[in-house]
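Just so we're clear, the structure is a prediction, and the values are computed from it rather than from any experiment.
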Amino acid sequence: MGVEANGINPVPDAERRGKPSGLFPVWFSWNVSILGVSYGIFIFTLGLNVWQTIIAGTLGYLISAALVGLIAVGGPRTGLPTLVQTRFAFGSKGNFLPAFFGYLSNTGWQVTSITLASTTGANLFAKVWPSLFAGDGGAPTVPTTVGWFIVVLAVTMTAAVFGHGFILAIEVWIAWITGVMTIAFLFFVLPEVKWGQLGTAQAGDPFVFVGGIIMAMTIVGIGFINSGGDFSRYLPRKTHARGVIGATTFGIAVPVIAMLVVGALLVGSDAKLGEAAANDPIGALTSLLPMWFFIPFSIVIVLSLVSAATTGIYSSGLALMAVGFPLRRSVTTAINALLIAAGAFYLLFISTSFLATFQSFLSLIAVLMGTMGGIQLVDFIRQRRLNWDIRMINGSGFGGRDWRWTAFVSLIIGTIVGLGTVTSADPNFAHITGFFLTQEAREGVIGASNIGVIGAMVLGAALYALLTFAFKVDLPPDRSKLPASEQGDLPADAEILAVGVAVAAPADAPADVVATEAPGTAETPEAELDPEAAR
């Protein structure tokens, strides 16, 4: 429960603890929120009917959540955060680009969560004490919104600084509280569904249906790919992969699928609700509640959004350190606070539509994060063959490479193609997207579906796999500057690092070389290692 000492270093075996089931409440509390109802409304507005929305959204959530689960397996195998483990594929210096954009992705999500938490709290005050906190028309005053923003940001940053152990402890309670209150919320809103109106919406064509799947993937799963291993890295090294994948996948997918169904039913019976949710997703939904339940439920909404922001900011701090800045957690937290404040100002006072800005952010960041995730998953094959050797996070000569151009080029090509084939509803972002599309394609189903997100992921992963495994264009780890005793390969029969091998950086190693105890120390005897579990 104290402040976490580990940063982006591999977590020592002595500090490993827990079971895969402990991942479920972390991801569940991150995703169980009334905002999930809005996600269903957003997918519906692409041009789908109710049943297409439910099916497309469910498929998109499950597929993308499973990708996060697969990425999370790298956590217990290496003890590293995801955006540090990507150094295996991109090199210690080449990792700058994916780590930097991973940081922006995390920060963008926190801007959204903290902004919505602030506006929810401000709306609560405006309704309960309108004479003090509401302006003309009943909307909260600017000082009220700003005051809530400061409080929410301060609480979130404080919790994030305490780190992994503290977050896991509080997320269990938050998951229970928000889960129970969200179920109660459903009993209030389901009677608002006009069941006879559900079949009136016209079905979308196959391209629009695919677009619904892709939008669901970008809303929920792909945005978490760069954080998959951040919370699993404290698990024991021999943790079964299927447990990590299952707990992560269902922790993400179960709450958002339930909320998706409710959102689709509501908007399918009331088109005006979709229009209201585009500008104020939470306000549009809480307006359906009686005042006696609106008050405690608004508090729970703030709590759930702060929970999501806390886990995200924790990952943001790791991502910023992974970029290469030798900063303490307190410093990265302060930097995060400044960037979130700037992003929240844009979302609150400049953006004319929450939905347009939210969709634009998701599509832009999903292109690069999806491509990075695809390359990382392909590289897991190589990492496993090399026994998850954590020396590969170091630079050339110390166990890894400065650059691995095969991964870097695949990332750049996939990202360019992806940006050129997605569109942006926010005019401030539109000029950097869709440059490969004609005006007709921009305005048609191709532009609406943002299929370029998946195209970028598949292209980047396929190109990297082709270069690495088909053409054998692969730079092996460089250990030339390590002591002679540490330059050899690890034992071929070891699923994880050899027992008792120390990986310590020499005196002349670069500053970013991580000196750490190798996995599989005497505290984890070789006889206790389960090869199948490690695989």
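Ring centers of Tyr61 and Trp27: at least 6.0 Å apart, outside the cut-off.
You'll find the side chain of Ile432 stays beyond 4.5 Å of the side chain of Leu419, heavy atoms only. A heavy-atom distance below 4.5 Å is found between the side chains of Phe293 and Phe185. With a 4.5 Å cut-off on side-chain heavy atoms, Thr53 and Leu260 count as touching. Side-chain atoms of Asn123 and Lys127, non-hydrogen and from C-beta on, never get closer than 4.5 Å to each other. Using a 4.5 Å heavy-atom threshold, the side chains of Ile257 and Leu62 count as touching. Met457 has its side chain within reach of Leu67: a pair of non-hydrogen atoms, C-beta onward, lies under 4.5 Å apart. In this structure, Gln376 and Gln85 have side chains that are in contact, with non-hydrogen atoms separated by less than 4.5 Å. Inter-residue side-chain proximity for Phe28 and Pro255 is flagged as met; some heavy-atom pair is nearer than 4.5 Å.
To the nearest 0.5 Å, atoms CD1 (Ile245) and OG (Ser232) are separated by 10.5 Å. Taking OG of Ser304 as the reference point, atom CZ of Phe297 lies at 7.5 Å (rounded to 0.5 Å). Here the straight-line distance linking atom OG1 of Thr78 with atom CZ of Arg87 works out to 12.0 Å at 0.5 Å rounding. With rounding to the nearest 0.5 Å, the separation of CZ in Phe44 from CG in Leu266 is 11.0 Å. One finds the CD1 atom of Ile54 at 5.0 Å from the CG atom of Leu265 (value rounded to the nearest 0.5 Å). Atom-to-atom distance recorded for Trp173:CH2 and Ser29:OG is 14.0 Å, nearest 0.5 angstrom.
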> Under the side-chain contact (heavy atoms from CB on, under 4.5 Å) criterion, do Thr421 and Ile451 qualify, and how do the steps go?
Replying inline: CA-CA 7 Å; Thr421 50; Ile451 198 170; 5.7 Å; no
> Between Phe224 and Thr248, does a side-chain contact (heavy atoms from CB on, under 4.5 Å) hold up when you go through it step by step?
Replying inline: CA-CA 11 Å; Phe224 301 147; Thr248 302; over 6 Å; no
>> Walk me through whether Leu46 and Met215 qualify under side-chain contact (heavy atoms from CB on, under 4.5 Å).
In response: CA-CA 9 Å; Leu46 285 177; Met215 185 177 184; 3.7 Å; yes
>> Go through it in stages, so that I can follow the logic: the residues are Ile55 and Phe209, the test is side-chain contact (heavy atoms from CB on, under 4.5 Å), and I'd like the CA-CA distance, side-chain angles, deciding distance and then a yes or no.
In response: CA-CA 9 Å; Ile55 295 171; Phe209 181 78; 3.8 Å; yes
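Counting heavy-atom neighbours within 6.0 Å of Phe250 CZ, excluding the residue itself, gives a total of 12 or less.
The aromatic rings of Trp129 and Phe125 sit perpendicular, their planes meeting at an angle over 60°, well past the 30° parallel limit.
Judged purely by atom type and a 3.5 angstrom limit, Thr45 uses its side chain to pair as donor or acceptor with the backbone of Phe42. With Glu15 contributing its side chain and Tyr234 its backbone, the two residues share no donor-acceptor pair below 3.5 Å. The main-chain N or O of Gly75 is never found under 3.5 Å from a side-chain atom of Arg233 such that the two would form a donor-acceptor pair. With hydrogens and angles ignored, the 3.5 Å screen pairs a side-chain donor or acceptor of Thr119 with a backbone N or O of Thr115.
Residues Thr310 and Ser307 have side chains that never bring a donor and an acceptor to within less than 3.5 angstrom of each other. Checked by atom type, the side-chain pair Thr82/Asn226 shows no donor-acceptor distance below 3.5 Å.
Residues Leu377 and Leu70 approach most closely at CD2-CB, 3.6 Å, considering heavy atoms. In plain terms, the two heavy atoms of Leu83 and Ala319 that are nearest each other are CD1-CB, 3.4 Å. Nearest heavy atoms, Pro20 versus Thr239: CG-CG2, 3.3 Å.
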